[in-house]
Amino acid sequence: MSDNRTSHSTSQSPLPVAIIGGGITGLTAAWELQKAGVPYVLLEKSERLGGKIQTERFDGFGDVPFIVERAGDAFLAAQKPWAMELAYELGLDDQILTTNPAQPAVHILKDGVLVPVPAGLQLIIPTNRDTFLASPLMSEDGKARVLAEEVIDPYAGNDDESVADFVRRRLGDEAVEMLAEPLLSGIYSAHPEEQSLLATFPRYRQLEQTYGSLIGGVRKIMEAGRSRGVEEKGRNLTTFMTFVGGTETLTKALAARLIGTERSIGNMRLAETEQGIGKVRLAETERSIGNMRLAETEQGIGKVRLAETEQGIGKVRLAETEQGIGKVRLAETERSIGNMRLGVAVDGLARDEAGDYVLRLSNGESMRASQVLVTTPAAPAAHMLQSVAPSSATQLQKLRVVSTGVVFLGYRRADVVHPLNGFGVVIPRREQRSLNATTWMTTKFNHRAPAEHVLIRVFFGGARTPEMMDKNDDEVLATARAELRELIGLEAAPVLHRVYRWINAQPQYDVGHLERMQHIHQGLPAGIHIAGSPYGGVGIPDCVRQAQEAARKIVANLHQNDAIRRTLAS
């Protein structure tokens, strides 16, 4: 690939696979292709990798910083092992962090009072009859209806239904209000009457049809010892996991592995500074060829040039900025595998007469690719695919999103009168509060605040409180503090606060989502793939799984195409 012209395929230099989007899905796919020896180019429109996985650190309050997550703070481990397995593969074992033990795990707000979730309640399924009956969370009639679930006939069909319809059918109306809406739909910032059961909680349908009952099914699984325990492959697991330094640990580890490979001539490593990229070092290897020389300027380091030799192949170009060093782009060589480009969006796709794909880039360049993996949100994906997959683009435009936000508040522990016993509070819609939930981060995980401090996270927006997205940051902060005052008696002013917003960034898996996705995939031409949170699962593990599946499909397609070419040539 070179400036202002299209790459051309030769038997010595095959066309790369284009990966559009540098979030966890795109990075994982690049890693899988790199391991398979498949050339790729990863294109990310922003100036950073990692997508919505963003961890920030705030120093100056004590021995260690506050660690703040702009988006998700953890990922599922036992039920969805793909992120954990990737972390092990990347050598992050010593960085993995489990949740702290806490009883109760969470509270549910009922009539303005924090009610502990009864012990043994697995989201909506009570596994301990005695503690469930003793809990004030639901009325006596409501609890009786839940426990009657074992005699309700299972649904025999395969049609999708809303989470609300499913829970209402199996457990009753009150269970929808007090359990499903805050605990199930809250995960997706969704409305339970619109949320697809099969796309978000398919295990419940499987339990119903396999065992005839949710409660009976879970009991039989527990009795048979088939449930996943806390020990897996000798490693300690809790339901939710993260990293000591935050979720960005995973994406940074992936990005570091994608800069240079065993088959590339050089290896680029970027030393980070407060201003971003500070130094460029060429890792010497037995197979390195070139030499790095820095052209000095009045401001210091300005350009990087690769001294060409008879065997020299690659070049390194440094995009200049006012501060000097800006971006690093690796020009493709015959023996290199990966290339990542930041600050470059894809404006459109077309297919040429050879069947390859031509990407029109935002900087005026174009490039050719053998296959394309789109990992962006649905709206830009629809725009890019309009000319090559119009039916898929139309379906992509129907995938809904909502806007969400979070507020982080750090306090001195002495200023917080509540014990913060548990991971936090979820708030049912019926309570008509301005917030959706709050997580007590320093109870949930260690290493999230300086000593003698606590960190609290508050959620707003989504399907439950969309009006909060119209408030400015000061208004959101004031509302969050007022709600915490009522919920846990927190009067003190925070020593740290941050408000983050995700505008039109939370996918909504409405009823029929799986069918829509089937139509989308069927409408894609050969060599075009999509993966990511809008499509096959919103959490980190699901994005990792989708990326791995897409990469395997790409590799299989390339092998099949090579076999066809060899057959035709013989």
Side-chain angles (χ1 to χ4, degrees), residues 17-21 23-30 32-33 36 38 40 42-43 51 80 82 158-161 188 194-203 205-206 346 348-351 355-359 369-401 506-561 564:
V17 173
I19 302 172
I20 305 175
I24 181 64
T25 309
L27 291 172
T28 302
E32 294 298 318
L33 293 179
V38 174
Y40 66 86
L42 187 150
L43 302 161
K80 297 186 176 185
W82 308 290
N158 296 315
D159 295 342
D160 197 4
E161 62 185 320
Y188 290 84
E194 299 174 331
Q195 181 182 356
S196 164
L197 176 77
L198 295 185
T200 58
F201 293 98
R203 180 171 178 264
R205 176 66 68 78
Q206 294 166 3
V346 177
L349 284 171
R351 203 168 190 181
D356 297 318
Y357 291 97
V358 180
L359 286 71
S370 59
Q371 299 190 63
V372 179
L373 171 59
V374 179
T375 71
T376 67
H383 174 73
M384 281 184 277
L385 295 174
Q386 185 61 55
S387 62
V388 295
S391 63
S392 297
T394 299
Q395 292 296 322
L396 284 166
Q397 291 168 350
K398 296 179 180 179
L399 300 183
R400 288 195 311 116
V401 291
Q506 178 66 44
Q508 298 293 279
Y509 285 17
D510 293 338
V511 174
H513 180 82
L514 296 183
E515 185 178 356
R516 276 186 290 275
M517 287 308 307
Q518 184 178 13
H519 290 316
I520 289 169
H521 285 294
Q522 288 175 344
L524 296 175
I528 297 289
H529 316 267
I530 60 171
S533 63
Y535 314 118
V538 299
I540 293 175
D542 281 314
C543 289
V544 170
R545 172 188 54 77
Q546 292 178 72
Q548 293 170 340
E549 291 174 351
R552 285 194 290 267
K553 186 174 181 180
I554 288 169
V555 172
N557 287 350
L558 291 173
H559 288 165
Q560 182 180 33
N561 292 341
I564 293 173

**Request:** For the pair Q371 (side chain) and I554 (backbone), establish whether a donor and an acceptor sit closer than 3.5 Å, ignoring hydrogens and angles.
**Result:** yes
**Fill in**
Sequence neighbours excluded, the answer for side-chain hydrogen bond (donor to acceptor under 3.5 Å, both in side chains) partners of T376 is none
**Prompt:** Looking at CG of L33 and CG of L558, how far apart are the two atoms once the value is rounded to the nearest 0.5 Å?
**Reply:** 8.0 Å
**Asked** Short question: side chain of D160, backbone of V511 - any donor-acceptor pair under 3.5 Å?
**Response** no
**Message:** Looking at Y509 and G537, would you say the former's side chain and the latter's main chain have a donor-acceptor pair under 3.5 Å?
**Reply:** yes
**Message:** Measuring only between side-chain heavy atoms, which start at C-beta, is H513 closer than 4.5 Å to L399?
**Reply:** yes
**Request:** Write down the atom of K80, the atom of D542, and the distance for their closest heavy-atom approach.
**Result:** NZ-OD2, 2.6 Å
**Ion pair R545/E549, N-O distance below 4.0 Å** = yes
**Message:** Applying ring-ring contact (aromatic ring centres under 6.0 Å, His included) as the test, list every pair that has at least one member in residues 521-553; sequence neighbours left out.
**Reply:** none
**Request:** Kindly give the heavy-atom pair with the smallest separation between Q397 and A382, and that separation in Å.
**Result:** CG-CB, 3.7 Å
**Message:** Would the distance check show the side chain of Q395 and the main-chain N or O of R516 forming a donor-acceptor pair, the cut-off being under 3.5 Å?
**Reply:** no
**Message:** Over 60° means perpendicular and under 30° means parallel, so tell me whether F201 and Y188 are parallel, tilted or perpendicular.
**Reply:** perpendicular
**Prompt:** When rounded to the nearest 0.5 angstrom, what is the spacing between OG in S392 and CE in M517?
**Reply:** 9.0 Å
